Amino acid sequence: MHGLMMDTPLLISSIVEHADINFHDREIVSVTADESLHRYTYKECFQRVRKLANALEKLGLSEGDRVATMAWNDYRHLESYYAIGGAGYVCHTINPRLFPEQIIFMINHAEDKWLMIDPMFIPLIEKIASQISDVKGFIVMGDEGSTKDTTLKNVISYEALIKDESDQFEWPLLDERAAMGLCYTSGTTGDPKGVLYNHRATILHAYALIAPDAMNLSNRDCVLPVVPLFHVNSWGSPYGAMMVGAKIVYPGPKMADGETLYNLMEEEKVTVSLGVPTVWLVLLQYAAKNNLKLNNLQRTIIGGAAVPESMIRDFHDNHDVFVQQAWGMTEMTPLGTVMSMKHGMEDLTHDEIIALQTKQGRGMFGVEMRIVDDNQAILPWDGVAFGALQVRGPWVCSDYYRLDGSADAHTGDGWFDTGDVAKIDPEGYMQITDRTKDVIKSGGEWISSIEIENTAMGHPGVAEAAVIGVAHEKWTERPILIVVKVKDASVDKQDILSFLEGKIAKWWMPDDVIFIEEIPHTATGKIKKTALREQFIDFKL
Ligand code: AMP
């Protein structure tokens, strides 16, 4: 027997409607490419969201069409999120830091119809325009003058596009399982893979993230998401923050600038922030150098990479800020675990709490976790046994976009294999101990070890090449290249680095090249990365 409750679909447009009525005077403050500080209210934001939705409709888009964005965190990007997804299209966020081949691949694979770009990315898009010829046109996210010097065809500025549109829009009553967001991840090998979010997952995830034991977001908060809107929907913050009506502060292109971050935090009275460890290092260094304290920030949610203990202590000791480590993935919308204290932990010592904070957090309702051994046998949560970390739940991806059956390929029984190796303690706190996926995460961005290896193998003096990540204070991890020379070849570090130059992205360049006699292999002849990582565990850059 069905219950007798209304069958209201969970749609992101309902956040617009709710927040508009309840939080209309709440502020959104942004640094943008052309303004040092832009400030307006939720009400003005939603008027412009509706104008944009009207304009997009007039471009002739159909339900499910992909509209891509390549932009920093600011108010126009936020508006695009709601207008595109709310109107029934799919907001495909592109990471501008990827290199051109990947960007071309993603735009073509997604079959993006329109591209919305920050003015500073015009030169980048001009260079690749001939290779993304199915894109119908470009919207430059600036004022009417922002398109004047471009060679792009069919281009219009954001402000010109929405100027004469009505600020009323009838949101379509979509199926809550309809797609509304698309984000490619290069966190696995091969071509980037698209994760296609739907309304339902996004809303459920937003409910989960605002909960007290997760991000604990409320109307009284002021949120500074430094995590980009092109990284897994900025960890869902646009939805969670607007659901509760929190003040939002965006750093625009200045997200790696300690001074800007510090000033925004102080002047706007930011209470909670979100980002990867690398950006917080920049902020903490700026504060230390200038003898400054963060006076309003209460907690910071740090994820995307392991948080060093020294960072947790610095935030605590010098700024009285509580670090909540979180773990997740693009494939998980992204939240899987968040650190928060449990009942009965009131008497833990300071060091015991710090030890908890260095773990990746505990599971939230909505994500089931398990760890399994090589034979898929489930391992106990005893804080000792470690194995492949697998997850499932309503905001975990079931398949990659246009790669049927791919996401479930590892387990075959409905779980998603994260590629992380973890242990879980009896209280449910999860700790990543290694990863099975062969990639390196540097400053929150993926580097493909395999691609560097394949490129290096093109050098005539290289018999075998392996790339592993080693610890780095600022970037968390940096790649080093380990090479076995062709017999009698005379080749040195500089030869190899010069050979790689121009063939891989600059920031992928290995920080060191090390020559060894033999690279360890598995029984099937693959490079044994775990053994290699073990061998270089104490390697200092
Ligand atoms: P992405 O899809 O780019 O968000 O990357 C997800 C991956 O980043 C995870 O599978 C982990 O390998 C890594 N990761 C995310 N959060 C953490 C964390 N708190 N500690 C360690 N690794 C993390």
Side-chain angles (χ1 to χ4, degrees), residues 93-95 97-98 102 106 181-189 192-197 205 209 214-215 225-237 274-280 300-309 311-312 323-340 356-364 367 369 371 386 388-391 395-397 400-401 407 410 415-424 429-449 468-469 471-472 475-477 529 533:
T93 51
I94 300 177
N95 180 348
R97 295 191 187 121
L98 298 176
Q102 286 174 308
M106 294 187 305
L182 176 63
C183 184
Y184 281 74
T185 174
S186 39
T188 45
T189 47
K193 295 183 176 69
V195 180
L196 192 61
Y197 307 106
H205 179 267
L209 79 80
M215 290 192 196
V226 184
V227 55
L229 284 160
F230 55 76
H231 265 182
V232 213
N233 304 327
S234 189
W235 299 349
S237 58
L274 285 67
V276 297
T278 301
V279 296
W280 301 131
T300 174
I301 289 111
I302 312 184
V307 187
E309 184 182 323
M311 180 172 286
I312 298 171
V323 171
Q324 282 181 277
Q325 177 153 191
W327 164 88
M329 299 180 73
T330 307
E331 290 89 335
M332 299 171 65
T333 315
L335 282 185
T337 59
V338 188
M339 190 278 165
S340 70
L356 264 189
Q357 287 171 292
T358 61
K359 297 185 179 182
Q360 273 67 26
R362 58 193 173 87
M364 49 211 303
V367 179
M369 279 194 299
I371 42 174
F386 58 86
L389 178 62
Q390 301 181 343
V391 290
W395 59 80
V396 177
C397 93
Y400 291 104
Y401 178 56
H410 297 290
W415 288 75
F416 175 77
D417 194 298
T418 64
D420 289 318
V421 176
K423 53 186 178 182
I424 306 176
Y429 290 86
M430 185 273 283
Q431 192 169 10
I432 306 263
T433 57
D434 200 356
R435 62 171 80 109
T436 51
K437 48 194 171 195
D438 193 5
V439 276
I440 295 156
K441 206 169 199 192
S442 186
E445 306 278 0
W446 290 112
I447 294 177
S448 161
S449 2
I468 56 167
H472 188 281
W475 303 110
T476 311
E477 264 186 314
K529 289 286 172 85
R533 282 201 283 266

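Residue numbers start at 1 and run along the sequence shown. Whatever order the structure lists ligands and atoms in, that order sets their numbers, starting from 1. Keep in mind that what you see is a predicted model, and the values were worked out from it rather than measured.
Taking every non-hydrogen atom of A326 and a distance limit under 4.0 Å, the qualifying atoms of ligand 1 come out as 16 (N), 18 (C), 19 (N). Those atoms of ligand 1 with a heavy atom of K441 less than 4.0 angstrom away are 1 (P), 3 (O), 4 (O), 5 (O), 6 (C), 7 (C), 8 (O). Listed by number with element, the atoms of ligand 1 under 4.0 Å from a non-hydrogen atom of A306 are 18 (C), 20 (N), 21 (C), 22 (N). Proximity to W327 (heavy-atom distance under 4.0 Å) selects the following atoms of ligand 1: 9 (C), 11 (C), 14 (N), 15 (C), 16 (N), 17 (C), 23 (C). Ligand-side atoms of ligand 1 in range of Q325: 18 (C), 19 (N), 20 (N), range being under 4.0 angstrom from any heavy atom.
Of the protein's non-hydrogen atoms, the one nearest atom 12 (O) of ligand 1 is D420 OD1, 2.6 Å. Protein heavy atom in closest approach to atom 3 (O) of ligand 1: W446 NE1, 2.9 Å. Protein heavy atom nearest atom 6 (C) of ligand 1, with residue, atom name and distance: G328 O, 3.3 Å. The single protein non-hydrogen atom nearest to atom 13 (C) of ligand 1 is G304 O, 3.6 Å, given as residue, atom name and distance.
Of the heavy atoms in Q360, only side-chain atoms (C-beta onward) come closer than 4.0 Å to ligand 1. Contacts of H231 with ligand 1, taken as heavy-atom pairs under 4.0 Å, are absent altogether. Proximity of A305 to ligand 1, defined as any heavy-atom pair under 4.0 Å, is confined to the backbone N, CA, C and O atoms. Both the backbone and the side chain of T330 come within contact range of ligand 1, each with a heavy atom under 4.0 Å.
Taking 4.5 Å as the limit, every side-chain heavy atom of L98 sits out of range of all side-chain heavy atoms of Y184. When side chains are defined from C-beta on, W280 counts as touching T300, because their heavy atoms get closer than 4.5 Å. Counting heavy atoms from C-beta on, the side chains of S234 and P228 never come closer than 4.5 Å. In this structure, K441 and T476 have side chains that are not in contact, with every pair of non-hydrogen atoms separated by 4.5 Å or more. Considering only heavy atoms from C-beta on, P334 stays 4.5 Å or farther from M329 through its side chain.
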*Where do E331 and Y400 land on the side chain to side chain donor-acceptor pair (under 3.5 Å) test, with the steps shown first?*
CA-CA 9 Å; E331 290 89 335; Y400 291 104; 2.6 Å; yes
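Formation of a donor-acceptor pair under 3.5 Å by the Q324 side chain with backbone atoms of A214 is found in this model. One N or O on the side chain of T337 and one on the backbone of Q360 form a donor-acceptor pair closer than 3.5 Å.
Residue contact annotation: K437 has a non-hydrogen atom under 4.0 Å from ligand 1.
Around CH2 of W235, the count of heavy atoms belonging to other residues, nucleotides or ligands within 6.0 Å exceeds 12.
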